[in-house]
Amino acid sequence: MTIEKKLNNYLQGELKPISHKSLNRTFIGYSNLFQQKVFVKQFAKKQGWYTEKKVTEQLNDRVLAALSLDQKYILVLKDTSPKDIDENITSDIAFKMGQVLGDFHTRIKPFSKIKIVKDQFDGYLTEINTFNASTYKRQLLTEAKKFEHHKKEIQDELLTKSKFVLHGDVGIRNYKYVNDKLVLIDFEKARLGPVYQDFIKLFYQDFKLNLDLIVAFLRGYSNKNSDYELSDLTKQYLIFTTAIGIFNYTEKIEDLPFKQIGEKMLETLRDGL
């Protein structure tokens, strides 16, 4: 019996899969068991399932069931019929996005077995050396030497600033409207770390380093949480580690636009923030 059939039997319904690019699988449909429309998420990893459950339970009462079927980890949630942000991003929307993330960072508290963002200096060097010979590999190694000279300084600052639960995947696609209210979704990558880590891909990928949008976002964010500043050096280090993650992905999967985001990060590191 397939996992879909087992889910339908358990929920006493007929779920329909939602098509999207992800290692996870998602379904939607009416459940006679819960007497309502449900959104079901099948996770590729147990940690993601556990993390999304823990975060969601702090935000609302959407979790109806958390179970394992055929070693697949399933979360059954109340359906909220979320809507995409389908208009052009304006300063007003960026401001609201900042408020939503600031509220998330101040509301969600650390929980048992939460992942922690670590400053893995040696690990990053090992990762870079696995990349194919390329211009960006040489640039990453050059930047790594610069940060190595300030290792203790960066580590000390990250230690004092890594006290908030990050969303872990902040981007336009994970902001939705629910009952005309802007909210964040998808919490499986939540972890403990410095809040600036949650800004980086949003600023580069979605805002395209548009200063007006960034300023509006940070103005909205600071209304909810003013404790987010880092030294320029540590900001650069976090951009550097984010770029490594992007190149690690694009070494395995062809994704030119995403690779160009990593290249843009290296460009700003060369030029200074």
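Computation of the quantities below employed the complete heavy-atom set of this structure, encompassing side-chain atoms and omitting hydrogens, waters and symmetry-equivalent molecules. None of the values given here were measured: they were computed from a predicted structure.
- One hydrophobic cluster, built from ILVMFWY side chains closer than 4.5 Å, cannot hold both Tyr30 and Ile18; they sit in different ones.
- Between the side chains of Thr234 and Glu153, no donor-acceptor pair is found at a separation under 3.5 Å.
- Atom-to-atom distance recorded for Arg25:CZ and Ile74:CD1 is 9.0 Å, nearest 0.5 angstrom.
- Side-chain contact of Lys5 with Asn9: a donor-acceptor pair under 3.5 Å is absent, judged by distance alone.
- Residues Thr242 and Gln197 are in side-chain contact: their nearest non-hydrogen atoms beyond the backbone lie under 4.5 Å apart.
- Considering only residues two or more places apart in sequence or on other chains, Lys78 meets the side chain to side chain donor-acceptor pair (under 3.5 Å) condition with Asp61.
- For Lys152, the salt bridge (charged side-chain N to carboxylate O under 4.0 Å, His left out) partners two or more places apart in sequence, or in a different chain, are Asp156.
- The pair Glu143-Lys146 counts as a salt bridge, with a side-chain nitrogen and a carboxylate oxygen less than 4.0 angstrom apart.
- Between Ile246 and Ile261 there is a side-chain heavy-atom pair separated by less than 4.5 Å.
- At a threshold of 4.5 Å between side-chain heavy atoms, the hydrophobic network of Ile, Leu, Val, Met, Phe, Trp and Tyr places Leu238 and Leu192 in one connected group.
- The aromatic ring centroids of Tyr196 and Tyr228 lie 6.0 Å or more from each other.
- Among residues two or more places apart in sequence or in another chain, the side chain to side chain contact (heavy atoms under 4.5 Å, CB included) test is passed with Asp92 by Thr90, Lys96.
- Side-chain contact between Phe199 and Leu218 is present, with at least one heavy-atom pair separated by less than 4.5 Å.
- Closest approach of Leu230 and Pro194 over heavy atoms only: CD1-CB, 4.3 Å.
- Counting non-hydrogen atoms of other residues, nucleotides and ligands closer than 6.0 Å to CD of Gln71 gives a total of 12 or fewer.
- With sequence neighbours left out, the salt bridge (charged side-chain N to carboxylate O under 4.0 Å, His left out) criterion links Asp84 to Lys176.
- Within the structure, salt bridge (Lys or Arg N to Asp or Glu O under 4.0 Å) pairs that include any residue of residues 100-109 comprise Asp103-Arg107 (at least two apart or interchain).
- Cluster membership check: Leu101 does not share its hydrophobic cluster with Phe95, using side-chain heavy-atom separations under 4.5 Å among Ile, Leu, Val, Met, Phe, Trp and Tyr.
- With a 4.5 Å cut-off on side-chain heavy atoms, Leu182 and Met97 count as touching.
- Two residues are said to be in side-chain contact when any heavy atoms from C-beta on lie closer than 4.5 Å; Ile239 and Leu266 fail this criterion.
- In this structure, the side chain to side chain contact (heavy atoms under 4.5 Å, CB included) partners of Lys54, at least two apart in sequence or on a different chain, are Tyr50, Glu57, Phe111.
- By the 4.5 Å heavy-atom criterion applied to side chains, Phe27 and Lys16 are not counted as neighbours.
- Note: the hydrophobic cluster containing Val183 does not contain Val38 (ILVMFWY, side chain heavy atoms under 4.5 Å, direct or indirect links).
- Using cut-offs of 30° and 60° for the angle between ring planes, the Trp49 and Tyr73 rings count as tilted.
- Side-chain atoms of Ser31 and Gln12 form no donor-acceptor pair, as typed in the model, at a separation below 3.5 Å.
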Identify each donor-acceptor pair in which a side-chain atom of residues 206-215 lies under 3.5 Å from a protein atom, sequence neighbours left out, and give them as a table.
residue, atom, partner, partner atom, Å
Asp206, OD2, Ile172, N, 2.8
Asn210, OD1, Asp212, N, 2.9
Asn210, OD1, Leu213, N, 3.1

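- Using a 4.0 Å cut-off between charged nitrogen and carboxylate oxygen, Asp227 and Lys161 count as a salt-bridge pair.
- Under the side chain to side chain contact (heavy atoms under 4.5 Å, CB included) criterion, Lys45 pairs with no residue, sequence neighbours left out.
- Cluster membership for Val178 and Val63, using ILVMFWY side-chain heavy atoms within less than 4.5 angstrom, is not shared.
- Side chains of Ser81 and Asp79: a donor on one and an acceptor on the other come within 3.5 Å.
- Atoms CG and CD, from Leu15 and Gln42 in turn, are 11.0 Å apart once rounded to the nearest 0.5 Å.
- Residues Glu157 and Ser231 approach most closely at OE1-OG, 2.7 Å, considering heavy atoms.
- Using a 4.0 Å cut-off between charged side-chain N and carboxylate O, Lys259 and Glu254 make no salt bridge.
- In terms of the salt bridge (charged side-chain N to carboxylate O under 4.0 Å, His left out) criterion, Lys72 has no residue partners (sequence neighbours excluded).
- Ile244 and Phe131 make their closest contact through O-CZ, 3.8 Å (heavy atoms, listed as atom of the first residue, atom of the second, distance).
- Separating the CG atom in Leu75 from the CG atom in Leu67 is a distance of 8.5 Å, to the nearest 0.5 Å.
- Taking 4.5 Å as the limit, every side-chain heavy atom of Ile116 sits out of range of all side-chain heavy atoms of Ser162.
- Other residues, nucleotides and ligands place no more than 12 heavy atoms under 6.0 Å from the CG atom of Asn179.
- Side-chain rings of Tyr221 and His105 approach one another, their centers coming within less than 6.0 Å.
- Here the CG-OH distance, from Leu141 to Tyr136, works out to 11.5 Å after rounding to the nearest 0.5 Å.
- Pairs passing the ring-ring contact (aromatic ring centres under 6.0 Å, His included) check and including a residue from residues 153-172, sequence neighbours excluded, read Phe104-His167, His167-Phe187.
- Aromatic ring centres of Phe217 and Phe203 lie closer together than 6.0 Å.
- Here the straight-line distance linking atom CZ of Phe240 with atom CE of Met265 works out to 12.5 Å at 0.5 Å rounding.
- At least one side-chain heavy atom of Val195 sits less than 4.5 Å from a side-chain heavy atom of Asn225.
- Taking the six-membered ring for Trp, Phe121 and Phe147 have ring centres at least 6.0 Å apart.
- Qualifying side chain to side chain contact (heavy atoms under 4.5 Å, CB included) partners for Asn88, counting only residues two or more places apart in sequence or in other chains: none.
- For Glu14, there are no salt bridge (charged side-chain N to carboxylate O under 4.0 Å, His left out) partners at least two apart in sequence or on another chain.
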